[in-house]
Amino acid sequence: MKIEIEKVKKKQLDLSEVEPASHFPVLVAMEAAGECTFTAPVSAKVTAVWEYDHVRATGHVESAARLTCSRCLAEYDLPLTSDFTIFYTEGEDEGSEDEVELSDEELISATYTGDEIDMAPEIAEQVMLEVPYKPLCSESCKGLCPECGADLNAGECGCDRGGINLKMAALKKIKIEK
Ligand SMILES: [Zn+2]
Ligand SMILES: [Zn+2]
């Protein structure tokens with residue numbers, strides 16, 4: 001997806017594009033590293049307007065990923081969506097970005113050179129940032145029993161998993177707090 005500077009100076013541009021995750025090198029790298037598998041194409045919508053001396057690009061991206069829960073090792077699917085606003089100012093220091101996160105929306109300032117802005121790296125980054133670093137199938141996932149390896153979400157396995165350990169943890173905590 002590209003924003004042509006001459007066009008956006010004249011009128012608002014509404015762009016939309018659906019591309020497979022395999023078209024974005026950073027997403028391919030994530031899959032290669034085993035972080036997740038993208039199960040839906042990357043769908044992006046961007047509205048670009050020219051304001052004073054910069055381009056304001058407001059966008060929404062969507063995709064989906066299959067992740068492995070870091071506690072119970074179950075695979076689960078996660079929809080990925082992100083809203084963002086990027087201010088592109090003409091300048092040489094490409095690659096340097098300032099980001100401010102305001103509630104759900106990210107405000108990013110970036111630079112461009114030449115007569116068009118390639119949105120692809122930013123779209124890929126937005127998807128990448130939505131993939132959790134420590135995936136959890138649910139906030140309340142109980143994980144696996146350290147004794148027998150059973151999935152505790154499916155029910156108690158009957159192992160004695162240490163009331164003693166809990167007491168030790170509590171004692172350690174008291175020591176640290178002093
Ligand atoms: Zn889990
Ligand atoms: Zn067990």
Side-chain angles (χ1 to χ4, degrees), residues 1 15-47 57-86 95 97-110 118-178:
M1 183 184 287
L15 309 165
S16 70
E17 197 169 75
V18 179
E19 278 199 79
S22 60
H23 285 189
F24 299 92
V26 297
L27 304 183
V28 171
M30 287 179 84
E31 288 192 327
E35 288 179 54
C36 66
T37 311
F38 293 98
T39 54
V42 176
S43 157
K45 283 194 169 69
V46 171
T47 299
T58 311
H60 176 82
V61 293
E62 277 182 30
S63 186
R66 179 154 302 152
L67 296 155
T68 303
C69 176
S70 58
R71 280 188 203 153
C72 73
L73 308 180
E75 290 201 325
Y76 69 103
D77 291 314
L78 184 72
L80 307 169
T81 66
S82 176
D83 292 301
F84 57 91
T85 299
I86 309 173
E97 282 185 4
D98 286 323
E99 299 194 12
V100 191
E101 201 154 335
L102 289 179
S103 62
D104 279 349
E105 187 168 327
E106 265 188 276
L107 295 182
I108 302 158
S109 62
D118 181 7
M119 292 293 297
E122 208 55 60
I123 289 168
E125 189 174 336
Q126 291 299 319
V127 172
M128 189 182 83
L129 291 174
E130 290 303 309
V131 176
Y133 177 67
K134 240 191 141 202
L136 283 180
C137 63
S138 101
E139 282 298 326
S140 60
C141 174
K142 296 190 181 84
L144 302 179
C145 170
E147 299 292 330
C148 73
D151 183 352
L152 297 174
N153 298 307
E156 252 314 312
C157 52
C159 292
D160 179 10
R161 287 190 308 280
I164 292 163
N165 288 345
L166 283 177
K167 272 182 210 156
M168 289 290 288
L171 283 174
K172 272 184 198 156
K173 202 174 170 215
I174 289 163
K175 275 186 190 160
I176 291 162
E177 279 167 1
K178 275 181 192 171

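Whatever order the structure lists them in is the order used to number ligands and atoms, beginning at 1. All values reported here derive from a predicted model rather than from experimental measurement.
- The shortest distance between side-chain heavy atoms of Q126 and E122 falls below 4.5 Å.
- Considering every non-hydrogen atom in both S63 and F38, the closest pair reads OG-CD2, 4.1 Å.
- Heavy atoms only, all atoms of each residue included: A110 and I86 are closest at CB-CG2, 4.2 Å.
- Looking at E75 and L67, their side chains never come closer than 4.5 Å, going by heavy atoms from C-beta outward.
- Looking at every heavy atom in both residues, C141 comes nearest to R71 through O-NH1, 2.9 Å.
- Among protein atoms, those of element N, O or S found less than 2.8 Å away from the Zn ion (ligand 1) are C69 SG, C72 SG, C137 SG, C141 SG.
- Here C148 contributes SG and C145 contributes SG, and at the Zn ion (ligand 2) these two atoms make an angle of 110°, given to 10°.
- Within the 4.5 Å cutoff, the side chain of L152 has heavy atoms near those of the R161 side chain.
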